[in-house]
Undergrad: 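Attaching a single structure in structure tokens format; questions to follow.
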Amino acid sequence: MEQLTSIEDFKKAIEQHDELVLLKHSLTCPISREAKGQIEEFQSFHDVPTYIIHIQDHRDVSNFVEEHFGIKHESPQVFYIKNGEVDYHASHWEITSKKVEKALQ
């Protein structure tokens with residue numbers, strides 16, 4: 001999982017990939033830790049580029065994602081982005097490997 005540390009990193013990821021998974025992750029939240037584990041499990045079965053934003057360290061990037069897509073910030077929060085648009089998003093306990101996989105279909 002590649003970390004996005006700047007708004008430019010986010011823009012490049014969107015431009016370079018037809019599809020990607022993005023996780024907004026809190027470094028201190030146990031629910032977020034579980035969500036990260038689910039996304040890592042998803043990664044082990046799929047070649048979809050996967051990115052992470054540590055919200056405490058890169059709040060500006062997290063806020064930009066919220067503004068860019070018009071989707072209220074939550075943490076943890078996962079997005080499946082296809083052709084530059086959010087095709088699926090979920091937060092908290094709704095983040096599972098199976099649900100993200102289903103979104104790809």
Undergrad: In plain terms, say whether K99 and E94 are close enough for a salt bridge, that is, a side-chain N and a carboxylate O under 4.0 Å apart.
TA: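 Between E94 and K99 there is a salt bridge, with a charged N closer than 4.0 Å to a carboxylate O.
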
Undergrad: Does the side chain of H89 reach to within under 4.5 Å of the side chain of F69, using non-hydrogen atoms?
TA: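 No; the side chains remain at least 4.5 Å from each other.
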
Undergrad: Within the 4.5 Å heavy-atom criterion, are V100 and V78 side-chain neighbours or not?
TA: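 The answer is yes; the side chains approach within 4.5 Å.
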
Undergrad: Side chains of V21 and P49, heavy atoms from C-beta outward: is any pair under 4.5 Å?
TA: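 No, their side chains stay 4.5 Å or more apart.
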
Undergrad: Any side-chain heavy atom of M1 within less than 4.5 Å of one from I39?
TA: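 Heavy-atom side-chain distance check passes, below 4.5 Å.
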
Undergrad: Run Y88 and K102 through side-chain contact (heavy atoms from CB on, under 4.5 Å) and show every step you take.
TA: CA-CA 10 Å; Y88 170 81; K102 188 173 181 180; over 6 Å; no

Undergrad: Let me confirm one number: the OG-CD distance from S32 to Q56, rounded to the nearest 0.5 Å.
TA: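 Going from OG on S32 over to CD on Q56, the span is 8.0 Å.
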
Undergrad: Between atom OG of S91 and atom NZ of K24, what is the distance when rounded to the nearest 0.5 Å?
TA: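 One finds 11.0 Å between OG of S91 and NZ of K24.
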
Undergrad: NE2 of H54 to OG of S62: how many Å apart, nearest 0.5 Å?
TA: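 H54 NE2 to S62 OG: 12.0 Å, rounded to 0.5 Å.
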
Undergrad: Compare all side-chain heavy atoms of I53 with those of L23 and state whether any distance is below 4.5 angstrom.
TA: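 Sidechains of L23 and I53: no contact.
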
Undergrad: Does the Q77 side chain pair with the main chain of E74, one donor and one acceptor, at a distance under 3.5 Å?
TA: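 Pair found, side chain donor or acceptor close to backbone of E74.
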
Undergrad: If I compare all heavy atoms of V48 with all of L20, which pair ends up nearest, and what's the gap?
TA: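 So the minimum-distance heavy-atom pair works out to CG1-CA, 3.7 Å.
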
Undergrad: Is there a side-chain contact between D57 and T5 (heavy atoms, below 4.5 Å)?
TA: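 A side-chain contact under 4.5 Å is absent here.
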
Undergrad: Side chains of T50 and E2 only: does a donor on one sit below 3.5 Å from an acceptor on the other?
TA: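 Note: T50 and E2 side chains miss the donor-acceptor criterion.
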
Undergrad: One pair to check against side chain to side chain donor-acceptor pair (under 3.5 Å): H25 and S75. What are the steps and the verdict?
TA: CA-CA 6 Å; H25 175 65; S75 175; over 6 Å; no

Undergrad: Should E40 and K36 count as an ion pair when the cut-off is N to O under 4.0 Å?
TA: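 Salt bridge flag = yes for K36 with E40.
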
Undergrad: Over 60° means perpendicular and under 30° means parallel, so classify the ring planes of H17 and Y51, tilted if in between.
TA: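 Rings of Y51 and H17: tilted, as their planes differ by 30° to 60°.
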
Undergrad: What's the separation between atom CZ in F45 and atom NZ in K98, rounded to the nearest 0.5 Å?
TA: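 Rounded to the nearest 0.5 Å, the CZ-NZ separation comes out at 8.0 Å.
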
Undergrad: Report yes or no: do F79 and I95 belong to one cluster of Ile/Leu/Val/Met/Phe/Trp/Tyr joined by side chain heavy-atom distances under 4.5 Å?
TA: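 F79 does not cluster with I95.
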
Undergrad: Keeping S44 on the side-chain end and E41 on the backbone end, is there a donor-acceptor pair under 3.5 Å?
TA: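 A pair under 3.5 Å: yes.
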
Undergrad: Quick check on the hydrophobic clustering: are F64 and I71 connected, directly or via other members, by side-chain heavy-atom contacts under 4.5 Å?
TA: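 Yes.
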
Undergrad: Group every Ile, Leu, Val, Met, Phe, Trp and Tyr by side-chain heavy-atom contacts under 4.5 Å, then state whether V86 and L104 land in the same group.
TA: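 V86 and L104: separate clusters.
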
Undergrad: Decide whether Y80 and E19 meet the rule of one side-chain donor and one side-chain acceptor closer than 3.5 Å.
TA: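 Result is yes, a qualifying pair exists.
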
Undergrad: Would you say I81 ends up clustered with V65 if hydrophobic residues are merged whenever their side chains have heavy atoms under 4.5 Å apart, either directly or through other cluster members?
TA: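 Yes, V65 and I81 fall within the same hydrophobic cluster.
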
Undergrad: Identify the residue among I7, I14, D9 that makes a side chain to side chain contact (heavy atoms under 4.5 Å, CB included) with K11.
TA: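 When I7, I14, D9 are each tested with K11, the side chain to side chain contact (heavy atoms under 4.5 Å, CB included) holds only for I7.
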
Undergrad: So that I know where these two stand, are H68 and F10 an aromatic pair - ring centroids less than 6.0 Å apart?
TA: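 Yes - the distance between ring centres of H68 and F10 falls below the 6.0 Å cut-off.
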
Undergrad: Write down the atom of A13, the atom of L4, and the distance for their closest heavy-atom approach.
TA: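 Answer, listing the atom of A13 first, then L4: CB-CD2, 4.4 Å.
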
Undergrad: About how many Å separate CD1 of I55 and CG of N63, when rounded to the nearest 0.5 Å?
TA: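 With rounding to 0.5 Å, CG (N63) is 9.5 Å from CD1 (I55).
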
Undergrad: For the side chain of K72 and the backbone of E66, is there at least one donor-acceptor N/O pair under 3.5 Å apart?
TA: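 Side chain of K72 to backbone of E66: no pair is present.
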
